[in-house]
*Asks:* 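Would you mind keeping the following structure in view while I ask a few things?
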Amino acid sequence: MSGDSSRERILGRVRQALRDVPASEQPADHPVARDYAEKHGERSHAATVGLLAENLADYRALVHRTDAPGLPALLTRLLRARGARRVAVPTGLPAGWLAAAPAELLVDSPALTAHELDSADSVVTGCALAIAETGTVVLDAGPDQGSRHLTLVPDHHICVVRTGDQVVDSVPQAVRRLSPARPLTWISGPSATSDIELERVEGVHGPRTLEVVLVTGDPREL
């Protein structure tokens, strides 16, 4: 069956199903019940952060913990271990985070090309929030995250998560806090895909290595 005929067949079924719907009817005329579970089980915030760390690790992300004052030293150590000499950063990343890092900083801008980004060894960003039950970090192109391509081209991404105010239990909680008008990137572990024989290949659609730093306190003050 050709693509065009398949398309027309599907659209024809849609038209048939909508035939008895009044033209004046709007989607809001029929509210959808949102009475599904807010989260699965009861847990303390500390347990929620622990669940996030566990699920991130299940997705093969490397998880680190520190307090706000210890963040610059940890980031410097991670970049040195990676041998990163050129690091991409968003414009709003707090200057103190990488003040001691032995690397050239490649600051995000509209003029930044994919070739220039490909020359970066690592990228360091913050995040919008993180979801414990799914082990997901969400970026929304905020000042400490930068444009979407900033985190898709370099092979190594270090993402900083504030445990005090950026960790939520579930996807429904996350959706309520996120703006659909912003470009959202949902990250569950390093980029990976599988072929028909289920052979896992990493780094195809984004960074091959994801490191998540869970920070207590507020590192924005650094």
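Treat the numbers as computed from the prediction; the structure is a model and nothing was measured. Residue numbers run from 1 in the order of the sequence given.
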*Asks:* For the hydrophobic clusters of this structure (ILVMFWY residues joined by side-chain heavy atoms under 4.5 Å, transitively), does one cluster hold both Ile187 and Leu152?
*Replies:*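 No; Leu152 is not reachable from Ile187 via cluster members.
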*Asks:* For the residue pair Leu62 and His64, establish whether any side-chain heavy-atom pair is separated by less than 4.5 Å.
*Replies:*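 Leu62 vs His64: side chains touch.
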*Asks:* Between the side chains of Thr209 and His157, does any donor sit under 3.5 Å from an acceptor?
*Replies:*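 There is no such pair between these side chains.
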*Asks:* So do Asp108 and His149 actually touch side chain to side chain, heavy atoms under 4.5 Å?
*Replies:*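 Of all side-chain heavy-atom pairs linking Asp108 with His149, at least one is under 4.5 Å.
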*Asks:* Any salt bridge linking Glu133 with Arg43? Criterion: basic side-chain nitrogen under 4.0 Å from a carboxylate oxygen.
*Replies:*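 Looking at Arg43 together with Glu133, the answer is yes, because their closest N to O distance falls below 4.0 Å.
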*Asks:* What's the verdict on side chain to side chain donor-acceptor pair (under 3.5 Å) for Thr48 and Asp169, showing C-alpha distance, side-chain angles and the deciding distance?
*Replies:* CA-CA 6 Å; Thr48 297; Asp169 288 281; 2.9 Å; yes
*Asks:* Could you walk me through whether Asp144 and Arg220 pass the salt bridge (Lys or Arg N to Asp or Glu O under 4.0 Å) test, one step at a time?
*Replies:* CA-CA 10 Å; Asp144 64 347; Arg220 292 174 295 183; over 6 Å; no
*Asks:* Looking at Arg85, I'd like to know if its CZ atom is crowded, meaning that more than 12 non-hydrogen atoms belonging to other residues, nucleotides or ligands lie closer than 6.0 Å.
*Replies:*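 Counting other residues, nucleotides and ligands, CZ of Arg85 stays at 12 neighbours or fewer.
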*Asks:* So how far is it from Arg162 CZ to Leu71 CG, rounded to the nearest 0.5 Å?
*Replies:*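 Result: 11.5 Å between the selected atoms.
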*Asks:* State, with a plain yes or no, whether a side-chain heavy atom of Leu98 is found less than 4.5 Å away from one of Leu75.
*Replies:*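 In contact.
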*Asks:* If you take all heavy atoms of Gly146 and Pro90, which pair is closest and at what distance?
*Replies:*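 In this case the closest contact between Gly146 and Pro90 is N-CB, 3.4 Å.
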*Asks:* Can you check whether Cys127's main-chain N or O pairs, donor with acceptor, with Gln166's side chain at less than 3.5 Å?
*Replies:*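 Looks like yes, one N/O pair under 3.5 Å.
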*Asks:* Locate the shortest heavy-atom distance separating Thr151 from Thr125; write the atom from each residue and the value.
*Replies:*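 Answer, listing the atom of Thr151 first, then Thr125: CG2-CG2, 3.6 Å.
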*Asks:* Do the charged groups of Glu38 and Arg176 touch, with an N to O distance under 4.0 Å?
*Replies:*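 Yes, this pair counts.
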*Asks:* Among Ile131, Leu51, Leu52, Leu129, which residue meets the side chain to side chain contact (heavy atoms under 4.5 Å, CB included) test with Val167?
*Replies:*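 Answer after filtering Ile131, Leu51, Leu52, Leu129: Leu52.
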*Asks:* Between the main-chain N or O of Val21 and the side-chain N or O of Glu25, is there a donor-acceptor pair closer than 3.5 Å?
*Replies:*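 Here the side-chain-to-backbone pair does not exist.
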*Asks:* Look up atom OG1 in Thr216 and atom CG in Asp67, then write down how far apart they are to the nearest 0.5 Å.
*Replies:*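 CG of Asp67 is found 5.0 Å from OG1 of Thr216.
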*Asks:* Any idea which heavy atoms bring Leu117 and Ala88 closest together, and the distance?
*Replies:*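 It is CD2-CB, 4.0 Å.
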*Asks:* Just wondering, more than 12 heavy atoms not from Glu42 lying within 6.0 Å of its CD?
*Replies:*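 No, because the 6.0 Å sphere around CD of Glu42 holds 12 heavy atoms or fewer from other groups.
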*Asks:* Do the non-hydrogen side-chain atoms of Leu222 and Pro72 ever get within less than 4.5 Å of each other?
*Replies:*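 Yes, side chains in contact.
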*Asks:* Indicate whether the side chain of Arg19 and that of Gln16 have a donor and an acceptor atom separated by less than 3.5 Å.
*Replies:*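 Side chains of Arg19 and Gln16: pair found under 3.5 Å.
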*Asks:* Do Trp186 and Val153 share a hydrophobic cluster, counting only Ile, Leu, Val, Met, Phe, Trp and Tyr and linking them when any side-chain heavy atoms are less than 4.5 Å apart?
*Replies:*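 No; tracing contacts between hydrophobic side chains, which count when under 4.5 Å, never links both residues.
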*Asks:* Is there a path from Leu139 to Val212 through hydrophobic residues (I, L, V, M, F, W, Y) whose side chains come within less than 4.5 Å of each other?
*Replies:*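 Yes, Leu139 connects to Val212 through the hydrophobic network.
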*Asks:* Could you tell me whether the side chain of His45 and the main chain of Thr163 form a donor-acceptor pair under 3.5 Å?
*Replies:*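 Flag set: sc His45 to bb Thr163 pair under 3.5 Å.
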*Asks:* Given side chains that start at C-beta, do those of Val161 and Val215 come closer than 4.5 Å, heavy atoms only?
*Replies:*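 The answer is no; the side chains never approach within 4.5 Å.
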*Asks:* Linking I/L/V/M/F/W/Y whenever their side-chain heavy atoms sit closer than 4.5 Å, directly or via other members, would Val124 and Leu106 fall into one cluster?
*Replies:*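 Different clusters: Val124 never reaches Leu106 through Ile, Leu, Val, Met, Phe, Trp or Tyr contacts under 4.5 Å.
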*Asks:* Distance only, no hydrogens: is a donor on one side chain within 3.5 Å (strictly under) of an acceptor on the other, for Thr185 and Arg148?
*Replies:*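 There is such a pair between these side chains.
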*Asks:* Provide the closest heavy-atom pair for Pro154 versus Ser122 in the form atom of the first, atom of the second, distance.
*Replies:*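 Answer, listing the atom of Pro154 first, then Ser122: CB-C, 4.2 Å.
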*Asks:* When you compare the side chain of Leu56 with that of Val137, does any pair of heavy atoms fall below 4.5 Å?
*Replies:*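 Yes. Closest side-chain heavy atoms under 4.5 Å.
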*Asks:* Are a donor atom and an acceptor atom from the side chains of Asp140 and Gln145 found within less than 3.5 Å of each other?
*Replies:*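 Note: Asp140 and Gln145 side chains meet the donor-acceptor criterion.
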*Asks:* Minimum heavy-atom separation for Leu178 and Ala128, please, with both atom names.
*Replies:*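 Reported closest heavy-atom pair: CD2-CB, 4.0 Å.
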*Asks:* Using a 3.5 Å distance criterion without hydrogens, assess whether the side chain of Thr136 forms a donor-acceptor pair with backbone atoms of Ala132.
*Replies:*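 Absent.
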*Asks:* Check the pair Gln173 / Ser170 against side-chain contact (heavy atoms from CB on, under 4.5 Å), numbers first and verdict last.
*Replies:* CA-CA 5 Å; Gln173 290 178 353; Ser170 64; 3.5 Å; yes
*Asks:* Applying the 4.5 Å side-chain criterion to the ILVMFWY set and letting contacts propagate, would Leu210 and Val213 be lumped into a single cluster?
*Replies:*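 Each belongs to a different hydrophobic cluster.
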*Asks:* Between Arg177 and Asp165, does the salt bridge (Lys or Arg N to Asp or Glu O under 4.0 Å) criterion hold? Intermediate values first, please.
*Replies:* CA-CA 11 Å; Arg177 286 182 50 174; Asp165 64 324; 5.6 Å; no
*Asks:* For the backbone of Val160 and the side chain of Trp97, can you confirm whether one donor and one acceptor N or O come within less than 3.5 Å of each other?
*Replies:*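 Pair absent, no side-chain N/O of Trp97 close to backbone of Val160.
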*Asks:* Taking all atoms of both residues into account, what is the closest heavy-atom pair of Gly135 and Tyr59, and its distance?
*Replies:*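 Closest pair (atom of Gly135, atom of Tyr59, distance): O-CD1, 4.0 Å.
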*Asks:* Nearest 0.5 angstrom please: Arg82 CZ to His156 NE2, how far?
*Replies:*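 Nearest 0.5 Å value for the CZ-NE2 distance: 5.0 Å.
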*Asks:* Does any non-hydrogen side-chain atom of Leu78 lie less than 4.5 Å from one of Glu211?
*Replies:*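 Result yes, sub-4.5 Å side-chain heavy-atom pair found.
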*Asks:* Report yes if some heavy atom in the side chain of Val63 is under 4.5 Å from a heavy atom in the side chain of Leu214; otherwise report no.
*Replies:*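 They are in side-chain contact.
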